[in-house]
Amino acid sequence: MRLYEYEAKKIFYSNEIKIPKSKMVYSSKDAKKAVQEIGFPVVVKSQTLIGGRGKAGGIKIVDEIKDLEKTVEEILQLEIKGYKANGVLIEEKLNIKQELYCGITIDRTLGKAVIMISSEGGIDIETVANKDPDKIMKFMIDPTEEKFSYEFIEFVKKLDFSGKLLLKISNVVKKLFEIFNNYDCKIAEINPIVITDQNDVICADAVLEIDDSALFRHPNFKKRKLNSMNEREKHFNKKGATYVRLDGNIGLICSGAGLGMATMDLINNYENMSPANFLETGGGITEDLVFDCMELIIEIPDIKGILLNLYGGINPIHEGAKGVARAIKKHNLKIPIVAKALGNRQEETWKILEKSGVVVVKNFETRKAVETLAKILEGESV
Amino acid sequence: MRLYEYEAKKIFYSNEIKIPKSKMVYSSKDAKKAVQEIGFPVVVKSQTLIGGRGKAGGIKIVDEIKDLEKTVEEILQLEIKGYKANGVLIEEKLNIKQELYCGITIDRTLGKAVIMISSEGGIDIETVANKDPDKIMKFMIDPTEEKFSYEFIEFVKKLDFSGKLLLKISNVVKKLFEIFNNYDCKIAEINPIVITDQNDVICADAVLEIDDSALFRHPNFKKRKLNSMNEREKHFNKKGATYVRLDGNIGLICSGAGLGMATMDLINNYENMSPANFLETGGGITEDLVFDCMELIIEIPDIKGILLNLYGGINPIHEGAKGVARAIKKHNLKIPIVAKALGNRQEETWKILEKSGVVVVKNFETRKAVETLAKILEGESV
Amino acid sequence: MSILVNKNTKVLVQGITGKIGRAQTKYMLDAGTNIVAGVTPGKEGTKVYGIPVYDTVKEAKENHDIDASVLFVPASIARECVIEAAKNKIKLITLITEHTPVHDVMEMKSYIDKSDSLLIGPTTPGIISPGECKIGILPTNMFTPGSVGVISRSGTLSYEVSAILSDNNIGQSTVVGMGADLVAGTNLIDILKLFNSDKNTKLVVLIGEVGGSQEEDAAEYIKNEMNKPVVAYIAGGSAPDGKRMGHAGAIVEGGKGSAESKISHLTSSGVKVVSFLFEIPEVVKKLLQ
Amino acid sequence: MSILVNKNTKVLVQGITGKIGRAQTKYMLDAGTNIVAGVTPGKEGTKVYGIPVYDTVKEAKENHDIDASVLFVPASIARECVIEAAKNKIKLITLITEHTPVHDVMEMKSYIDKSDSLLIGPTTPGIISPGECKIGILPTNMFTPGSVGVISRSGTLSYEVSAILSDNNIGQSTVVGMGADLVAGTNLIDILKLFNSDKNTKLVVLIGEVGGSQEEDAAEYIKNEMNKPVVAYIAGGSAPDGKRMGHAGAIVEGGKGSAESKISHLTSSGVKVVSFLFEIPEVVKKLLQ
């Protein structure tokens, strides 16, 4: 779960990381009020979860009141990669002397948090990373060992800071690491950390992504996530299923991410077929879950066929089959549905599916199931 | 800083340890209201920081409304070891099947927390400890290593519990240990943990003592402590000084606890002298602090003389001397004051004291200073 | 004979009395697994399919020889249960549980790395040496004994590829599901090493997927150390991109993580990378000739 | 010659730029202590009485040989500063700071116990080997060189007893303040052992006080191991009782902790226990004859 910049900054503020004066608004009217408190010039920032908003025109500086309304309205209307902003943040403009970068994430191979800092922060940080990786200092953290203040100081010294700036920057990195741990983050990032002309150290942007699996430890964020979902999404979320809408014409229900990806690879191999969605159930299959999956897919316009690809390891696939049967009956479905369902209780599963008119492919190869669906769509008999 | 039972129970409750239904009241009128919620029979418990209140009559069971007012008033008026109650706790009476003991404190020699549990809790726990120490299980905790749920289960199993009771009791011990750590406790104790006839596990009493040195991490309790102090006590507290009122006639100001105790040993050796107080400044001597010490002592009725015993290691004893001089001048003090003050800047110190009429003993032995004061009080010249 | 598990492996089931633990215990027993004990706190004295249940791993260990533990426990306590197994010196720990917080996984991995134990998972289907021992939830009927080792980052694809191999009369020495989470207790290289020194394994099939740099690291190991052929498939070449999440992930991965990167690293290490799973039997047969 | 410190001991001062750190650095230099560096984060490049200041212990260590560190740091960060010294392998760490939270002390002690370092304090006046080296805040003029070792749980009484000894022409090999907190980094026994094997120490004066069971434990050691005479005083025989705080403390101490208990344990271990400090010189003289 990624937080909006303004949400992340609230967390920073309550953890004693300095942030610019700012106010979240949803209209140009409120923006005017906000500016009265903050004072010109201000930065107007689109609140969206999509990266690259700066380059897409989602961040604008406004010097005078006459430009405010227009800029705010523009940014509120601006779509970035298909997404509109969830309000704008009106923020004091800092007098920047230097921009630093600090990002904390997980090194997947080592299974350790890695803290990265660079004295060349800003929008081009990835270019720095590619061209001059030595300019980004990296520190691996053993999660069972406490990290002490002096270690953050030793670390930040490698960027050649000294005196009060050394202490201020070390403190920001330490606090960010505490947030990363306390909020179960997968990513905690400040880009840039701004050193102002007054030698203040202020966080100008904020990225926090909380691990969805850990939301049970963060009831407020869990609530906020559930509030942003409809009933079906809530059900999916509770069961640990993943659904991503795509552009194609074949509905897909798979019982694992790898299987789903492999099935998509196969579907994409046919000219007239492409996945309309990516849907993986994880290990939480129930009749209701698969029923919901089916309803979700048949709502997609121009859907031509459905492919189920399920394994009965931990999953009770016979229960899933009942969900398919229920959906077919309720919606009187006529589009071709092909299923491959193997593993524990497969015979029972096949029986239920076949009774509902699903074409069951009893082969081990997903290819055969995709082939079968392709043939049906071509009008061939199978 | 010891918490009242009702304060400790609030902490227990917010940490998901079960406590009896209860309400804190300060009058018999409010007690009646409380009983309407709780229902008879109730236990009326004096809220005091002194141990042994049960044996002193500070805990009474009330079965009927007719006895309530009298019992509450009696307990509100009851003095236990010279202290009146800070209100009474009205509490549901539990149906007790068994009483357990759980106490967590610090083993001073090892420098480790020690968790103690016994299946023979209740008011006679110290008798159990003396007569049959094997009935109290002890576990030493390395503060740098996390203690896991399964370890608490392993631990509580030694009391021969099983099934749901095992889980409930282990959970209470685990939560109490979390409280011990999170609230910087020196002592966290539940005596008794009650197993009810319904196999509920409920904490019937609660002792928490928070480390005064750690109050900076617990601003709410720091505030509550400061609120209960007058200005002078606040000053003492801030400087880390300790003051205990005793029964004698000789005021005492020492710059360390050991020195204070040794000086008391010497004073007690004289028939007509005994300490009126114990006062140790710790390492925070300032002019104001010692001035306050002097004012505190001269308020004691029948004070016959004052002994200062100061070392200038970390302490600026010349500053302390200025405080003595100021107090003498302000209150036009005439009672004999003897000072032994040695170490860094001792000559300067002596000069200030002698100028104010203090008898300065320049010997290394505290005995000589005590002797000198005794002689003055006997009317001998020194 | 096989890696990690064989017919002598004595298995403990943590979380044996839950709905899933109970059902999967039955399937494992049916597959011939030598389950000797179970653990669920508060349930000591009961039995599940004749298997005695204990309150703690310590007691199970005191009463039985135990080589391996498999966990069907809630995600919220997975961390503590894995550490309990490791502290009790169980050599092989398999965590089936999905949706364990990644910070918990990092912590358990840190404990494991300092111990003599090996952790498979979380979100793993487990391990099977067909005909000898199954630890986990893999559907037994997909697997046949043989001499091809299978390592898969995806659970379901480990079934699919094994079923395809079996269908083509290519049996498996051991099939290992690595677990699909952001952080896995054990990396591909650790398992490759075991297969490399297992006499009965003649060839290894590696099923990777987009994300992380395990396949790239494995490629390096294969190039330098591996003395038997490796066939690989990388899932996710046509998968949708995740939403972009800050720069940190990109900087850490440093250009690795895409299907292209993985395929090119593996190919240049001498691995035969196929585009579809169904191509595998033919390639394997050719390489085993 | 002495224990713990001597004229060759190279000393670091943590918290050297604070008011107290600065003043005490001067007193230590005046006492002949070989202070080679100081640490205060953010103050690197400055000097205190000619001593170079660094941001971290690590850098001080890189630039100087350091045997011992003495800390004048706020109580709230004492834990981290002690651990920083220990992690940088400084052998002797003396924490002068008062009012450190006891949970912090337990944590630092746990780190120290797993390291090769020794922690004196917190709330200690420090250590002095008169004429050679002073680490801490002891007022130098109380002490003279000689062959009596002094260990004191009370800071001020370590001054008093040394001054009385000096006044009676009995010099001290080393005087160690153990620290007055609930938990001390080092216990009496640890220091007794050092004195026991120090050739220059002929007799040990032990100043205990009520509370804890260190003196009782020391009595056991003295009885079994000590090969030189010990004279003791226990402060607090007439001190007021603290308010009663639950049963836990009483159960842990199990009857130990009172002046009576300590005196009887020490006496029956062959220690000469005096009732007043001023009796010590005479007893010492007799025992040294």
Side-chain angles (χ1 to χ4, degrees), chain B residues 2 49-52 101 103-109 111-114 116 125-126 129-130 133 136 142-144 181 184 186-187 189 191 207 209 211 213-214 216-217 240 244 246 254-259 261-262 264-266 268-269 278 282-283 311-314 342-344 364-367, chain D residues 20 24 27 75-76 96 98-103 105-107 109-111 125 137-139 141-142 152-157 159-160 163-164 166-167 180 182-183 187 207 209-214 217 235-240 243-252 254-255 275-278:
Chain B
R2 186 174 172 179
L49 299 183
I50 305 299
Y101 171 83
I104 307 177
T105 187
I106 293 163
D107 182 294
R108 296 185 58 171
T109 307
K112 286 182 164 49
V114 48
M116 297 172 287
I125 185 67
E126 283 185 43
N130 286 333
I136 297 182
D142 184 326
T144 59
N181 286 323
D184 273 296
K186 287 157 81 174
I187 299 172
E189 191 175 61
N191 187 32
V207 173
E209 190 192 345
D211 179 8
S213 298
F216 68 90
R217 289 199 281 244
V244 183
L246 302 170
C254 298
S255 65
L259 189 66
M261 291 192 283
M264 284 169 57
D265 290 349
L266 286 159
N268 273 322
N269 220 23
F278 174 84
Y311 273 99
I314 203 163
L342 297 167
N344 299 322
F364 291 114
E365 289 185 33
T366 297
R367 174 178 56 157
Chain D
I20 294 173
Q24 296 293 334
Y27 290 135
S76 59
I96 307 300
E98 291 184 307
H99 308 302
T100 305
V102 66
H103 281 255
V105 179
M106 289 196 285
E107 266 188 59
K109 185 174 167 70
S110 171
Y111 272 94
I137 59 171
L138 313 97
N141 58 344
M142 313 272 141
S152 176
R153 284 184 57 202
S154 153
T156 39
L157 289 185
Y159 312 163
E160 175 110 349
I164 292 173
S166 298
D167 202 35
L182 208 54
V183 171
N187 288 325
I207 309 296
E209 61 184 39
V210 290
S213 62
Q214 278 200 58
D217 300 339
S238 62
K243 286 183 194 165
R244 191 55 196 294
M245 293 302 182
H247 304 281
I251 299 174
V252 161
S275 303
F276 298 102
L277 285 183
F278 63 79

Task: Heavy-atom proximity to chain B below 4.5 Å, by part of D:E160 - done: both

- [ ] Using non-hydrogen atoms and a 4.5 Å limit, figure out which bit of D:S76 sits close to chain B: side chain, backbone, both or neither.
- [x] both

TODO: Tell me, out of B:A214, B:G343, B:G256, who's got the most heavy-atom pairs with chain D below 4.5 Å.
DONE: B:G343

Open item on the list: When you compare the side chain of B:I125 with that of B:I136, does any pair of heavy atoms fall below 4.5 Å?
Closed with: yes

- [ ] Would you check if the side chain of B:D107 reaches a backbone N or O of B:K112 as a donor-acceptor pair within less than 3.5 Å?
- [x] no

Open item on the list: Less than 4.5 Å to any heavy atom of chain D: does that hold for the side chain of B:D211, its backbone, both, or neither?
Closed with: side chain

Open item on the list: Using heavy-atom distances under 4.5 Å, tell me whether B:D184 contacts chain D through its side chain, its backbone, both, or neither.
Closed with: both

TODO: Using side chain to side chain contact (heavy atoms under 4.5 Å, CB included) as the criterion, list what pairs up with B:E365, not counting sequence neighbours.
DONE: B:N363, B:R367, B:K368, D:I164, D:F278

Open item on the list: Taking every non-hydrogen pair under 4.5 Å, which of D:N187, D:L182, D:N141 racks up the most with chain B?
Closed with: D:L182

- [ ] Could you tell me which portion of D:I207 (side chain, backbone, both or neither) has an atom closer than 4.5 angstrom to a non-hydrogen atom of chain B?
- [x] neither

Task: Proximity breakdown for D:E98 and chain B, heavy-atom pairs closer than 4.5 Å - done: side chain

Open item on the list: Closer than 3.5 angstrom, by distance alone: can the side chain of B:N268 be matched with the main-chain N or O of B:M264 as a donor-acceptor pair?
Closed with: yes

TODO: Between chain B and each of D:P125, D:S154, D:A75, D:A163, count heavy-atom pairs under 4.5 Å; write down the option with the most.
DONE: D:A163

Open item on the list: Show the nearest heavy-atom pair for residues B:I314 and D:Q24, with the distance to one decimal.
Closed with: CA-NE2, 3.5 Å

TODO: Let me know if B:N181 has heavy atoms under 4.5 Å from chain D in its side chain, its backbone, both or neither.
DONE: both

Open item on the list: Could you work out, with ring pair (Phe, Tyr, Trp, His ring centres under 6.0 Å) as the rule, every residue matching D:Y111, not counting sequence neighbours?
Closed with: A:F148

Open item on the list: Under a 3.5 Å threshold, yes or no: a donor from one side chain and an acceptor from the other, between D:T156 and B:S255?
Closed with: no

